[in-house]
Every structure is written in structure tokens, then in C-alpha cells.
Amino acid sequence: MLEIYTKNMDGTWFAVACSQQKVVTTSFGETQQSALSHILSNLPYNMSFQVLHNPTNFAEAAITVLKTVYDGKDADLNLQLETADLSVYTKKVLKITSAIPVGYVSFYGAISKAVGGSPRAVGNVMAANPFVPIIPCHRVVKSDLTLGSYSSGGINVKFELLKRERRGFTSSRIISINGEKLVVVPVELILKNHTRTSPWANNKCK
DNA sequence: TGCAAACCATAAC
DNA sequence: GTTATGGTTTGCA
């Protein structure tokens with residue numbers, strides 16, 4: 001039986017769905033309803049579940065990880081994620097995305113070069129990411145250094161997440177995961193670019 | 001800059 | 001099966 005647990009921390013609702021000591025999907029949102037409905041949209045249509053009022057230790061621990069990542073802190077990502085139902089391609093994209101360190105971002109195109117497929121296909125995987133923000137799809141941006149989009153909350157949320165992940169890095173680097181190489185650049189580059197071009201950051205529309 | 005075409009894994013018919 | 005849809009990129013005017 002799938003168990004769903006939601007919790008409000010510092011004004012944001014976090015939600016996890018777990019089964020057999022594994023995380024099946026996660027979410028967060030402004031309201032309990034938005035977090036919950038996002039969770040449900042990631043589940044098969046008629047899967048049965050129960051909403052926990054008293055969390056298991058595992059659910060509580062999972063929520064804590066969500067909150068830690070959300071706050072831009074370095075998290076210990078030792079959670080078991082249930083990926084059995086995902087396609088091979090999706091798993092590859094999620095895996096390489098999870099290797100992007102805090103304080104850096106990468107690009108849709110860079111990821112598609114590493115794992116195959118096209119930038120759009122990578123974007124599709126991100127949009128359907130079952131493990132936000134544990135799998136840091138907010139660290140994937142467009143190659144022109146603009147944010148792109150963010151389906152779980154919009155680009156304002158993406159921007160805030162990245163802002164909290166600033167670590168003061170100054171140069172890009174290449175990380176290697178399973179022999180595949182991926183360029184990552186300091187998140188500061190994106191923040192700088194965003195404040196310069198964003199309509200709401202400088203009070204100007206265009 | 002702005003637009004159009006190519007990109008390719010999924011979801012929806 | 002086939003078509004439609006993107007969290008994109010690139011090239012060309």
C-alpha cells in the first residue's frame with residue numbers, strides 16, 4: 001500500500017509518497033492541495049493509497065531531505081528512490097541530473113549530449129521529474145543562461161531555489177558520471193543574467 | 001534580435 | 001500504429 005504524507009514547514013507544503021521503504025514520488029507547493037495534486041498526477045490512475053496523519057520514520061526522514069534541498073543546503077541523499085517504472089532514458093537523464101553539485105547548473109543541451117536524445121527530450125523528462133526537488137531539475141537551464149521553465153511552481157520558484165544554492169564558485173568544470181562528461185557552470189552566472197533580464201527584478205517590462 | 005526549422009522521448013489518440 | 005506536444009537549440013536573415 002502506498003503511503004502519502006504531507007507536512008508544512010516554514011510556509012511551504014512538502015509531500016512524499018512511499019512504499020516499502022522507498023520513495024515513489026515527491027513534491028512541494030504553496031498549498032497542501034497543490035503539493036498533493038502534483039503527487040497524485042505522478043501516480044498511475046487507479047493506484048490505491050492512504051494519506052498518513054502520523055508519519056512513519058521513513059516518511060518523516062524523506063520530508064526532511066526535501067526541506068533541506070529546498071533550503072539550498074547540502075543534503076545527504078541516501079534515500080532509496082523507486083525508479084523501476086521509469087523508462088531507461090528517463091533514468092539516465094535523472095541520474096546525470098542528480099550528479100549536478102549544489103552551486104552549479106547545467107544545460108538541457110549538455111545533458112542531451114551526454115546521454116543521447118535531444119534537448120527537448122531532456123526537457124520532457126525534467127517536466128515529469130517524479131522526485132522534485134531531490135533530483136535537482138531546477139539546476140538545468142537553457143544554454144543562453146536564462147532559466148527556461150519550471151513545472152512545479154514556475155520560474156520564480158526555480159530562481160529562488162538557485163539563489164539559495166549560491167556557493168561562490170567562479171569557474172565552470174566538467175563532471176564525470178559513469179564515463180559520461182557533463183559541463184556545469186556556477187549558479188552565479190544564471191543569477192546575474194536573470195536579474196539583468198528579468199521583468200520583475202528591475203521593475204521594467206522588457 | 002526574431003523567427004523557423006530540427007530535435008526526439010512521451011503521452012494521447 | 002500515428003499524431004501532437006514540449007522545462008530547447010541552432011541557423012539564418
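Throughout, protein chains are lettered first and strands after them, A, B, ... in sequence-line order, and every chain is numbered starting at 1.
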Contacts of A:Arg166 that satisfy side chain to side chain contact (heavy atoms under 4.5 Å, CB included) - sequence neighbours left out | A:Lys163, A:Val187, A:Glu188, A:Leu191
Just to confirm, is there a sub-4.0 Å distance from OP1 or OP2 of B:dT10 to any side-chain nitrogen or oxygen of A:Thr90?
-> yes
Range-with-range stems of DNA chain C (Watson-Crick or G-U pairs under 3.5 Å, three or more in a row) | B:1-6 with C:8-13, B:8-13 with C:1-6
Taking the hydrophobic residues Ile, Leu, Val, Met, Phe, Trp and Tyr, and joining any pair whose side-chain heavy atoms are under 4.5 Å apart, which ones share a cluster with A:Leu36?
-> A:Leu2, A:Ile4, A:Val24, A:Ile39, A:Leu40, A:Leu43, A:Met47, A:Phe49, A:Val51
Between B:dA9 (C1') and A:Leu86 (CG): distance, integer Å = 13 Å
Could you state the NZ-P distance from A:Lys113 to B:dC7, rounded to the nearest angstrom?
-> 14 Å
Which ones in residues 28-42 of chain A lie close to DNA chain C, meaning a heavy atom under 4.0 Å from one of its atoms?
-> none
Would you say that more than 12 heavy atoms from the other residues, nucleotides or ligands in this model lie under 6.0 Å from the [atom1] of [X], or not?
| X | atom1 | answer |
| --- | --- | --- |
| A:Asp144 | CG | yes |
| A:Lys95 | NZ | no |
| A:Glu30 | CD | no |
| A:Gln20 | CD | no |

What pairs of residues pass the side-chain hydrogen bond (donor to acceptor under 3.5 Å, both in side chains) test when at least one of them lies in residues 108-123 of chain A, not counting sequence neighbours?
-> A:Tyr108-A:Lys158
So, do A:Leu162 and A:Val105 sit near enough that their side-chain heavy atoms are less than 4.5 Å apart?
-> yes
With A:Arg164 as the cation and A:Tyr70 as the aromatic partner, state whether NZ or CZ is under 6.0 Å from the six-membered ring centre and within 45° of the axis.
-> yes
Does the pair A:Arg139/A:Glu165 count as a salt bridge with the N-to-O cut at 4.0 Å?
-> yes
Polar atom pairs (N or O), protein with nucleotides 7-9 of chain C, under 3.5 Å:
residue : atom : partner  : partner atom : Å
C:dG7   : O4'  : A:Ser149 : OG           : 3.2
C:dG7   : N7   : A:Ala127 : N            : 3.2
C:dG7   : N7   : A:Ser151 : OG           : 3.2
C:dG7   : O6   : A:Met126 : O            : 2.5
C:dG7   : O6   : A:Ser151 : OG           : 3.1
C:dG7   : N2   : A:Cys137 : O            : 2.5
C:dG7   : N2   : A:Lys158 : NZ           : 3.3
C:dG7   : N3   : A:Tyr108 : OH           : 2.9
C:dG7   : N3   : A:Ser149 : O            : 3.0
C:dT8   : O4   : A:Arg120 : NH1          : 2.9
C:dT9   : OP1  : A:Gly109 : N            : 3.3
C:dT9   : OP1  : A:Ser143 : N            : 3.2
C:dT9   : OP2  : A:Ser143 : N            : 3.0

